[in-house]
Structure formats: structure tokens, C-alpha cells
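Proteins get letters first, then strands, A, B, ... in listed order; numbering begins at 1 in each.
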Amino acid sequence: MMSKIYDTKAVEKKWQDAWEASGVFHAKQDFAAPKSYILIEFPYPSANGLHVGHPRSYTALDTVARKRRLQGYNVLYPIGFDAFGLPAENFAIKNHVHPAEITRRNIARFTAQLKSLGFSFDWSRVVDTTDPEYYKWTQWIFLQMFKHNLAYKKDMAVNWCPSCKCVLANEEVIDGKCERCGAETTRKNKSQWMLAITKYAQRLHDDLDEVNFIERVKLQQRNWIGRSTGAQVRFATTAGDTLEVYTTRPDTLFGATYMVMSPEHPLLEAWATKLSNPDEIKAYQCSAAKKSDFERTEVNKDKTGVRLQGVAAINPVTAQEIPIFISDYVLASYGTGAIMAVPGHDTRDWEFAKVYGLPIVEVVAGGNIEEAAYTDCAAGVMVNSGFLTGLSVEDAKVRITAWLTEKGLGEEKVNFKLRDWVFARQRYWGEPIPIVHCPHCGMVALPESELPLKLPNVEHYEPTDDGESPLSLLTDWVNTACPQCGAPAKRETDTMPQWAGSSWYFLRYCDPWNSEALASSEALAYWTPIDWYNGGMEHTTLHLLYSRFWHKFLYDIGAVPTPEPYQKRTSHGMILGEDGVKMSKSRGNVVNPDEIVGQYGADTMRLYEMFIGDFEKTAPWSNSSIKGCKRFLEKVWALQDILVPGENYTAKLEAPFHKTVKKVGEDIENLKQNTAIAALMTLVNAIQEAGQINHAELKTFLLLLNPFAPHMTEEIWESQNFGGRVTDNPWPAYDEGKCADKTIEIAVQINGKVRSRLTVSADVSAEDAIAAAKADEVVAAAVLGKTPIKELYVPGRLVNLVVR
RNA sequence: GCGGACGUGGCGGAAUUGGCAGACGCGCCGGUCUUAGGAGCCGGUGGGCAACCAUGCGGGUUCAAGCCCCGCCGUCCGCACCA
């Protein structure tokens with residue numbers, strides 16, 4: 001009997017509808033069952049629709065979710081939309097359509113596209129960050145942070161994108177340019193909402209030890225947090241005030257021959273009357289202020305600065321008077337905004353000292369400070385350093401820090417590169433910040449009973465020319481009464497950045513219907529932490545860090561039961577265009593998933609996305625390679641033509657089946673879907689060679705393939721009247737002892753070179769294997785007359801005869 | 001500059017972590033069927049006539065190296081004056 005033609009469109013639609021109607025993929029409200037919470041980063045529903053990059057990670061974790069469901073886990077594999085953000089707003093500005101309407105359309109399109117790929121998402125729990133019932137809780141979390149002094153307003157220089165008319169977080173500025181539009185950013189003083197992520201820096205750093213993130217993610221987060229241990233040292237000055245610095249090299253204090261302050265250092269103003277060259281200083285400050293961050297940090301820029309005339313510092317160990325400079329190579333925002341300069345052992349200080357002819361003193365032996373700063377000197381010995389001379393660098397650090405502490409001149413100090421998070425945007429399409437500015441009470445939190453504070457409708461979505469949010473033009477909305485004293489007051493008009501809604505969405509999935517809390521404590525206790533979270537590397541220092549921070553805060557106030565949100569984090573590689581370059585409209589190398597599904601079907605698309613290469617690495621799309629996946633599925637369909645009865649594996653296929661069950665299961669868990677598919681292909685080749693497949697074998701095969709090709713496997717299962725559905729069955733088991741073939745082929749090497757091959761029984765002893773090898777004609781001839789040195793047998797692999 | 005990852009056939013990629021390099025697939029070549037083949041099926045496919053040579057290049061350790069060690073070269077990603 002020939003199997004009927006496989007019609008992908010009809011069959012896939014049929015099963016997608018069946019899954020939807022039955023709700024098989026809905027997580028069960030059974031908090032006693034073993035659970036598995038599997039998460040992908042919810043998409044931003046852009047107008048471009050789904051990209052072929054999305055399904056790569058969605059399919060990979062879908063195979064995990066589907067497999068674990070068959071293994072009996074109560075699986076939560078949810079989906080939602082991160083729908084606030086600039087593109088919808090920019091579209092609204094151009095086309096005068098409300099962003100909510102655009103968002104609604106885009107979500108509808110994404111939903112249809114995602115469903116067409118047959119992902120086993122729990123569609124009953126969809127979260128949309130722009131839904132007031134959702135952002136009510138985003139605002140609620142913000143208010144808790146405000147109440148705990150983690151959300152504050154600060155007058156500060158911020159990154160400003162003149163094109164978007166918007167403040168950007170440090171993380172959103174790439175090479176001095178706006179991450180979104182590419183315009184060069186400038187600095188602007190503004191009163192900004194900030195979140196004090198730095199208060200959590202230590203824990204965000206340390207707790208990485210407690211989670212199972214891939215190493216490169218941990219490393220990148222650690223580098224971003226930038227923890228360093230050193231000392232805070234106070235230098236006396238001739239002006240009377242002390243000048244405080246931070247250094248990681250207190251051991252080199254004897255080599256500090258001058259000091260440098262950032263041009264923005266507040267002491268400069270205090271010293272104004274004592275300085276004899278104020279004009280020169282002012283001029284330098286002005287030119288520094290005008291420069292963008294990009295210009296200021298440009299590589300290989302020559303060191304510039306101005307020496308302060310009239311004020312000097314005193315090195316606490318040498319008691320010598322040393323000059324103070326201002327220079328833009330010292331950052332106001334790190335440490336104390338001032339440094340002790342040790343030109344002998346710091347490259348930047350060395351360069352500066354050369355320009356200004358300052359003394360360079362060697363305090364660690366071993367380098368040549370005439371030619372360059374000797375910085376790589378952790379194992380060196382101190383010289384020219386008074387009571388530190390002769391000590392190792394390591395000991396000198398301890399000794400000097402103790403000395404400074406004893407004299408009250410300093411102490412050990414830990415510093416972080418991480419900065420507080422600029423949390424406001426002067427844009428429309430975001431969560432309104434639920435704060436009221438009262439002339440009497442100051443900043444007042446909106447009562448929780450008034451949440452959600454809904455986004456009002458506006459006529460125009462453009463930010464105002466002075467950089468205020470378009471909400472500021474809505475006087476009716478802005479003018480309100482102070483929730484505390486009732487006096488006329490004004491609402492905050494800034495909105496939250498896009499990162500807000502995505503910082504906790506995974507909690508909402510646990511209990512998306514809850515109107516009393518962001519989620520019930522029972523649901524959170526059961527589902528969190530997330531067992532497996534996969535997402536892009538580009539979110540490592542943004543979303544991933546931000547959401548860990550929010551989660552830790554929520555943990556501190558008792559709103560969530562775990563200190564970390566994610567147990568495991570993995571990351572996928574990008575899918576490039578056929579030309580090996582990132583897909584982009586302008587290059588015309590974009591592949592549309594709808595077309596692939598239309599031409600080949602969802603199962604082929606899923607299979608190819610998994611087969612394309614190593615999941616963690618980038619991989620170029622190939623329109624011809626995808627055909628191989630299509631052919632494979634056609635071969636699978638045709639297995640029905642050689643189906644015979646039989647409820648046990650046949651002798652010939654028993655080992656291949658046990659082996660493949662083991663491999664596919666392990667590979668899915670290890671994100672090696674590519675080799676899992678290769679193993680399934682190998683198995684089909686073996687079946688074809690055997691000429692037949694029985695019921696037991698086909699059932700197992702369909703179960704193994706189901707996570708990758710869920711539609712076709714269900715269809716075959718049904719066509720063959722195997723009873724119920726694939727999804728009703730347990731994941732197949734394997735017997736370790738049956739994975740190995742009875743006989744194996746081993747190589748026979750002479751001096752490490754393969755000379756022959758032998759077929760031996762799998763449990764052959766070393767003696768027998770070696771004896772059999774020596775009995776081989778070719779081998780015997782080759783070793784004739786030579787002196788045996790060594791004979792090795794590597795079980796199941798090879799025999800190596802070493803002769804001379 | 002610093003940090004990380006990587007470098008294997010014409011291509012995407014495998015390789016039990018020190019044990020037969022090139023699994024699986026694409027492409028290509030040959031055959032078969034066909035009025036036809038951009039379909040299907042069968043066979044072949046790292047290079048070299050060979051001995052042999054082959055995992056970016058040069059050394060080393062080992063019975064044995066794609067994998068470990070030392071030194072280069074190259075590509076990609078992240079950070080970028082963080083004291």
C-alpha cells in the first residue's frame with residue numbers, strides 16, 4: 001500500500017487546531033507534579049513580522065518542552081509580547097495611527113506566524129506589556145522601588161540622542177551613537193529618574209556563582225559589573241582639604257608623583273579663590289564639557305591637561321609636595337573622580353608624565369620605566385618604597401592598606417564600573433511613571449489603589465523640542481491633586497524605558513490572571529526559578545542584568561521566593577543571510593519564514609533551523625540545504641510503505657534504536673539538536689537498509705522525531721491507528737546494555753598508523769584482541785622481523801602495536 | 001589595548017573529550033527510470049598514480065594529538081583612559 005501524498009498545509013493546520021482545541025500544551029494547575037519552566041525571550045512585535053532568527057531558539061526550547069512533557073513534567077512554555085517601544089511610536093508619528101492599534105495588529109500577525117510553526121506554547125497565558133492589567137504591576141514594582149529609595153531623581157549629564165529626542169542609558173549608546181537610530185549622541189544635563197542597580201552590584205556579581213549560566217554570559221556580566229578591590233586614599237593638600245582617590249595599586253603609593261582630577265571634580269569650585277590660573281582651568285573644563293563621550297574616550301588620543309597653580313597635594317608616605325592636574329583622562333563618574341598618578345607603573349600616567357615632564361619613579365623592580373610603564377608586575381618586588389621595599393607586590397598591598405587604615409588616611413575599598421540605571425524616557429509609548437510632583441510634599445507615590453495609571457490619549461506623539469514627553473502637553477492629565485495633601489500638583493510625564501516591562505514578565509506567566517498581585521505566592525513558589533532561559537547574547541548586560549536586579553529586589557521585599565530568577569541560561573547564535581552577512585532589508589538577504597513554511601511546511605522549517613549548525617554559533621541560511629530536511633521527512637513519511645506488524649524491536653534494529661533513543665534524548669537536553677537529527681537520519685538509513693520497520697519501531701521513531709516535526713509525526717500516528725496521540729505517550733526508554741552492537745570493527749595500528757581492520761566481538765579481552773590483530777595477514781607481514789616494544793588495546797576502538 | 005570565542009573537504013558541520021578525522025546533510029560526478037527532469041531511486045565523492053599527505057602556521061609532549069603544552073597568524077564578538 002502506498003502512503004497517500006503528504007499535504008503540509010492541510011495536515012499542519014489540522015493539528016494546530018487540534019492542539020488549540022484540546023489545550024494539551026497548557027501548563028497544568030497541579031502544583032504537586034514535577035515542573036519544568038522553559039522560557040524564551042518574548043519578542044518585540046515589530047512591523048516586519050517574524051524573522052527566521054526567532055524560530056531558532058523557539059524551536060530548540062520547543063523540543064525541550066515537548067520532550068519533557070512526554071517525560072511527565074508539568075511544563076510551562078509561555079509566550080508574550082514586549083510591545084512598548086519606539087518603532088510603534090515612530091510609525092504612529094508618521095501615519096497618525098495610535099500605537100496601541102499598531103501594536104494590536106503586529107501582535108496578531110506575530111501570533112499567526114508563531115502558531116503556523118507549531119510551537120507548543122501555552123497560549124492561554126499570553127502576556128502583553130502594554131496591557132494596563134500587566135503594566136499595573138510594572139508600575140507597582142516601580143513604586144516599591146521608590147519607597148525603598150531605589151528609584152530616585154538626579155540632576156545629571158545624560159546621553160542624549162538629538163534625533164530620537166530622548167535620553168539613553170549607557171547600555172544603549174554604542175560607539176558614541178544611538179543604538180536605535182545611529183545618530184551621534186551628545187551630553188545633556190537633565191533631571192532623570194534613576195534606579196539604584198549599583199546597590200545590588202555586589203550581589204549581582206557574587207550570585208553568578210549560584211546559577212548555571214553559560215560561561216561567556218557570566219563573564220560578560222562580571223566584566224560589566226566591573227568589580228575591583230583596592231584602597232581609598234586621602235591626600236592632604238596645601239589648600240587644607242583632602243583629596244581622596246581610589247586605587248587598585250596602593251602598593252605603588254611611593255611612586256605617586258602627581259595627582260589628576262577630572263575636569264568636573266567638585267573641589268575645583270571650592271578651590272577657586274586659591275588657584276592662580278583660573279582662566280586656563282575654566283577653558284579646559286569648557287572644552288571637555290563640549291566633547292561628546294565618544295570624543296573624550298577616543299583611543300590613542302594624546303593626553304592633555306592643566307596643572308593647578310596654587311594648590312598642591314602631599315604624598316602621605318614620602319611627605320613630598322606633588323602637583324595636581326586636571327585632565328579628561330580621569331573620569332568623574334568612576335571612583336572618586338581623582339587619581340594618584342603612578343607613571344612608573346601605569347601606562348596612562350606614564351604617557352601623561354612624558355607630555356608634562358613629570359618625574360617617573362620605579363617602585364617595582366623588573367621593568368624598564370625609561371621605555372614604558374611597567375604594569376605587568378604582580379609578581380615583582382618593591383623598591384624605592386621606604387618600609388615597603390623588599391616586599392612582594394601582594395604583601396605590600398596588605399601592608400600599606402593596614403598602614404593607611406591605622407593612620408586614618410585610607411582603607412580598603414571595593415569599586416564597581418556598573419552605573420545606576422537611567423530609567424526614564426521622554427516618550428509616549430511606555431508605562432507612565434506613577435509619581436506626582438507636589439509643591440508641598442515633593443515627589444509623592446500614587447496610591448496603589450490608583451494603579452494602573454493608564455496612558456492617556458494624545459493627538460501627537462512627537463516629543464517636544466525641549467525634550468519633554470508629549471504627555472507634558474496634556475494639561476488636563478498633568479494637573480492633578482497631591483495624593484498626600486490634596487493641593488494642586490503635577491504628574492510625572494516621563495515614561496519607563498522598554499526594559500521595564502521585560503524585567504519581570506516571566507513572573508506574570510506563572511499566574512497571568514491574578515488581579516491581586518503580580519502573581520500568587522503559590523504559583524511563584526511552584527514555578528520559579530525558571531529552569532531554562534534561552535536568549536540572545538545582546539541582552540546579557542541589559543535585560544538579563546536588569547531582570548536579575550528587579551528579581552533580587554522583589555526577593556528582598558518578599559514578593560518572590562527565590563534570589564535569582566533563572567536557574568540556567570543559554571544563548572543561541574544568529575542566523576545570517578545566504579551571503580554570510582547579517583540579514584537586513586537593505587542587503588536584500590532576508591528570508592521570510594512565511595515563505596519557507598508555505599513552500600516546505602513547518603516541520604521542514606523547524607528541522608532545518610535545528611539542523612543548520614551548532615546552536616550557539618552563527619550560521620548562514622542555505623536555501624539548498626533545507627531541501628535535505630524536506631527529503632528526510634519524505635523518507636519518514638514513506639516508512640509507512642514498509643511497515644510490518646511487530647511489538648518488539650527486531651534483532652537487526654534493536655541496537656540502533658536503543659542507541660538513538662539515548663542520543664536524541666541527551667542531545668536535546670544539551671542543545672545539540674543538530675546531531676540529534678543526524679542520528680535520526682542515520683536511523684532511517686538503517687531502517688531502509690533493513691527493508692522494513694515494525695509497529696514498535698515506528699512508534700519509537702515517531703516519539704523521537706515528534707519534538708522536531710510534531711505535525712507529521714501526529715499524522716502518521718493517527719493514520720496507522722496507533723491509538724490516541726503522540727502527545728499521550730511516554731518518552732521512549734533505552735537500555736544501556738542494548739546500545740552496543742554485538743560485534744564491532746576495530747582498527748589495528750602499527751606505530752600509530754592504521755594498517756588493518758578487524759571485526760571482533762564487543763566484549764573481546766585485550767589479549768584476544770591483540771592476538772587477533774597479530775594473526776591478521778597484513779599486520780603479521782608488517783611486524784615480521786621487528787622488535788615489539790608495546791602492545792595496546794583501547795576497548796572498542798583499536799589495537800596499537802609499537803615495534804622497532 | 002584588554003577580555004572571550006573560534007579556525008576541520010567545494011559548503012553547513014560531526015568527532016564518545018587523547019584513540020580509525022570528515023558522522024549527517026548540501027553540492028558535485030556517474031548510473032537508472034522518463035517525451036522530459038530543477039522529481040525519485042542506486043552508486044561514488046578530502047588530496048595524491050603510489051608510498052603517503054591532510055584539521056590556520058611553526059615547534060613540543062605521547063604508543064597515539066583536530067583535541068594537551070609553547071610561539072605565531074587570521075576571523076568574529078564584547079569592553080574600551082574604570083585608576
Calculate the interatomic distance between [X] atom [atom1] and [N] atom [atom2]; express it in whole Å.
X        : N     : atom1 : atom2 : answer
A:Tyr334 : B:A80 : OH    : P     : 13 Å
A:Asp349 : B:A83 : CG    : P     : 12 Å
A:Trp350 : B:C81 : CH2   : P     : 20 Å
A:Met681 : B:G25 : CE    : C1'   : 6 Å
A:Glu666 : B:U16 : CD    : P     : 13 Å
A:Leu418 : B:C79 : CG    : C1'   : 14 Å
A:Lys630 : B:G25 : NZ    : C1'   : 16 Å
A:Lys397 : B:A83 : NZ    : P     : 11 Å

Check every atom of [options] against the side chain of [X] and return the nucleotide holding the closest atom.
X        : options             : result
A:Arg797 : B:G19, B:C26, B:A83 : B:G19
A:Ala619 : B:G27, B:G19, B:G13 : B:G13
A:Asn800 : B:C63, B:A83, B:G13 : B:C63
A:Thr675 : B:A14, B:G19, B:C79 : B:A14
A:Arg216 : B:A64, B:G4, B:G13  : B:G4
A:Leu331 : B:A83, B:C63, B:G13 : B:A83
A:Gln749 : B:G27, B:G19, B:G25 : B:G19
A:Val754 : B:C6, B:A21, B:G25  : B:A21
A:Trp224 : B:A80, B:G19, B:G27 : B:A80
A:Thr247 : B:G13, B:G78, B:A83 : B:A83

Does [X] put a side-chain nitrogen or oxygen below 4.0 Å from OP1 or OP2 of [N]?
X        : N     : value
A:Lys417 : B:C2  : no
A:Ser228 : B:A83 : yes
A:Arg631 : B:C26 : yes

**Q.** Same-atom distance (C1') from B:C69 to B:A51, integer angstrom
**A.** 32 Å
Q. Do the side chain of A:Arg755 and the main chain of A:Ala747 share a donor and acceptor less than 3.5 angstrom apart?
A. no
Sugar-phosphate only, base, or nothing, as touched by [X] at under 4.0 Å among non-hydrogen atoms:
X        : answer
A:Thr540 : nothing
A:Leu792 : base
A:Asn674 : sugar-phosphate
A:Ser333 : nothing
A:Thr682 : sugar-phosphate
A:Lys753 : sugar-phosphate
A:Arg755 : sugar-phosphate
A:Asn223 : sugar-phosphate

Q: Would you please classify the geometry between the A:His539 ring and the A:Trp499 ring as parallel, tilted or perpendicular, with 30° and 60° separating the classes?
A: perpendicular
Q.
In terms of relative ring orientation, are A:Trp637 and A:Tyr6 parallel, tilted or perpendicular, with 30° and 60° separating the classes?
A. tilted
Q) Which base, if any, makes a Watson-Crick or G-U wobble pair with B:A51, both distances under 3.5 Å? A) none
Q. With both distances under 3.5 Å as the test, what is the Watson-Crick or G-U wobble partner of B:G40?
A. B:U32
Q.
Quick one about A:Glu745 and A:Thr759 (side-chain donor to acceptor, distance below 3.5 Å, no hydrogens or angles considered), yes or no?
A. no
Q: Starting at OH of A:Tyr334, measure out to CZ of A:Arg419 and round the result to the nearest 0.5 Å.
A: 9.5 Å
Q: Between A:Ile626 and A:Glu745, name the one whose nearest nucleotide on RNA chain B is closer to the 5' end.
A: A:Glu745
Q.
Quick check on RNA chain B: between A:Asn685 and A:Leu219, whose nearest nucleotide comes earlier from the 5' end?
A. A:Leu219
(Q) Exactly one of A:Asn534, A:Asp614, A:Thr618 should register a side-chain hydrogen bond (donor to acceptor under 3.5 Å, both in side chains) with A:His572. Which one does? (A) A:Asn534
Q: Taking syn as within 90° of 0 and anti otherwise, name the glycosidic form of B:U17.
A: syn
Q. Within 45° of the ring axis of A:Tyr329 and under 6.0 Å from its six-membered ring centre, is that where the NZ or CZ of A:Lys303 lies?
A. yes
